[in-house]
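Written out below as structure tokens is the structure these notes cover.
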Amino acid sequence: MTSLLLPTRAAVLLLTCPFWASALVKAADLSGTATEVAHLGLPLPWGTALATILVQGLGSLCLIFGLVPRWAAAALILFTLAASFLAHPFWRLPPEVFLPNFAAFTANMGLIGGLVLAALLSTTSKGSRS
């Protein structure tokens, strides 16, 4: 099973790329992130922006390094579900913005599937610290 460690870590690095990349972009423009959060109508824009960065960044790092992977995957899954329904409600949008929001929503569902697999595989891997 040790021979699969490097490919597994590489796969998790790729799976989490949208999360850690987003965390870096959001951290680089915290003011813009807080504005985006406020635009979504969420409470405490600065606190919510910081929480978003922490969940995306720390969740990714924990999965990449195999630290409490089931909890990390669960946090990213819940975050992705919430973000999908809040930011990409394609079912109630006009035709001109339907398709990109539908695509983003369904891509997020694919990410959730990958995170579920990562969590399930972490429970079968030797030495998993979940």
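In terms of heavy-atom proximity, Ala87 sits nearest to Leu40 at CA-CD2, 4.1 Å. The two atoms that bring Met109 and Ser84 nearest to each other are CE-OG, 3.6 Å, heavy atoms only. Between Ala73 and Ala119, the closest heavy-atom pair is CB-CB, 3.8 Å.
Using modelled atom types, no side-chain atom of Thr48 and backbone atom of Pro45 make a donor-acceptor pair closer than 3.5 Å. Judged purely by atom type and a 3.5 angstrom limit, Arg70 has no side-chain atom pairing as donor or acceptor with the backbone of Ser122. With hydrogens and angles disregarded, no donor-acceptor distance shorter than 3.5 Å links the side chain of Ser22 to the backbone of Phe19.
A distance of 5.0 Å separates CG in Leu93 from CG in Asn101, rounded to the nearest 0.5 Å. Here CG of Leu58 is found 10.5 Å from CG of Leu67. Values are rounded to the nearest 0.5 Å. Here the straight-line distance linking atom NE2 of His88 with atom OG1 of Thr106 works out to 10.0 Å at 0.5 Å rounding. Rounding to the nearest 0.5 Å gives a distance of 9.0 Å between CZ of Arg9 and CG of Leu63. Here CG of Leu86 is found 10.5 Å from CG of Leu81. Values are rounded to the nearest 0.5 Å.
Under the side chain to side chain contact (heavy atoms under 4.5 Å, CB included) rule, Ser60 has a single partner from Val55, Leu24, Thr16, Leu13, which is Thr16. Between Trp91 and the choices Phe85, Phe98, Phe102, the ring pair (Phe, Tyr, Trp, His ring centres under 6.0 Å) rule is met once, by Phe85.
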- Would Trp46 and Leu30 count as a side chain to side chain contact (heavy atoms under 4.5 Å, CB included) if you check the C-alpha gap in whole Å, the side-chain angles of each, and the deciding distance to 0.1 Å? CA-CA 8 Å; Trp46 284 89; Leu30 188 55; 3.4 Å; yes
- Item | Step-by-step side chain to side chain contact (heavy atoms under 4.5 Å, CB included) determination, Thr8 to Leu121 | CA-CA 10 Å; Thr8 301; Leu121 292 173; over 6 Å; no
- Query: Stepwise, does the side chain to side chain contact (heavy atoms under 4.5 Å, CB included) test hold for Phe79 with Thr52?
  - Reply: CA-CA 8 Å; Phe79 168 82; Thr52 296; 3.5 Å; yes
- Message: What verdict does the side chain to side chain contact (heavy atoms under 4.5 Å, CB included) test give for Val12 and Phe65, after you've listed the backbone C-alpha separation in whole Å, the side-chain angles of each residue and the deciding distance to 0.1 Å?
- Response: CA-CA 9 Å; Val12 172; Phe65 292 107; over 6 Å; no
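Between Phe105 and Phe90, the angle of the ring planes goes over 60°, which puts this pair in the perpendicular group of the 30/60° scheme.
Taken together through direct or relayed side-chain contacts under 4.5 Å among Ile, Leu, Val, Met, Phe, Trp and Tyr, Ile77 and Leu117 form parts of separate hydrophobic clusters. Grouping the Ile, Leu, Val, Met, Phe, Trp and Tyr side chains by contacts below 4.5 angstrom, directly or via other members, places Leu50 apart from Leu44. Hydrophobic cluster membership is shared by Ile64 and Ile112, with clusters built from Ile, Leu, Val, Met, Phe, Trp and Tyr side chains linked at under 4.5 angstrom.
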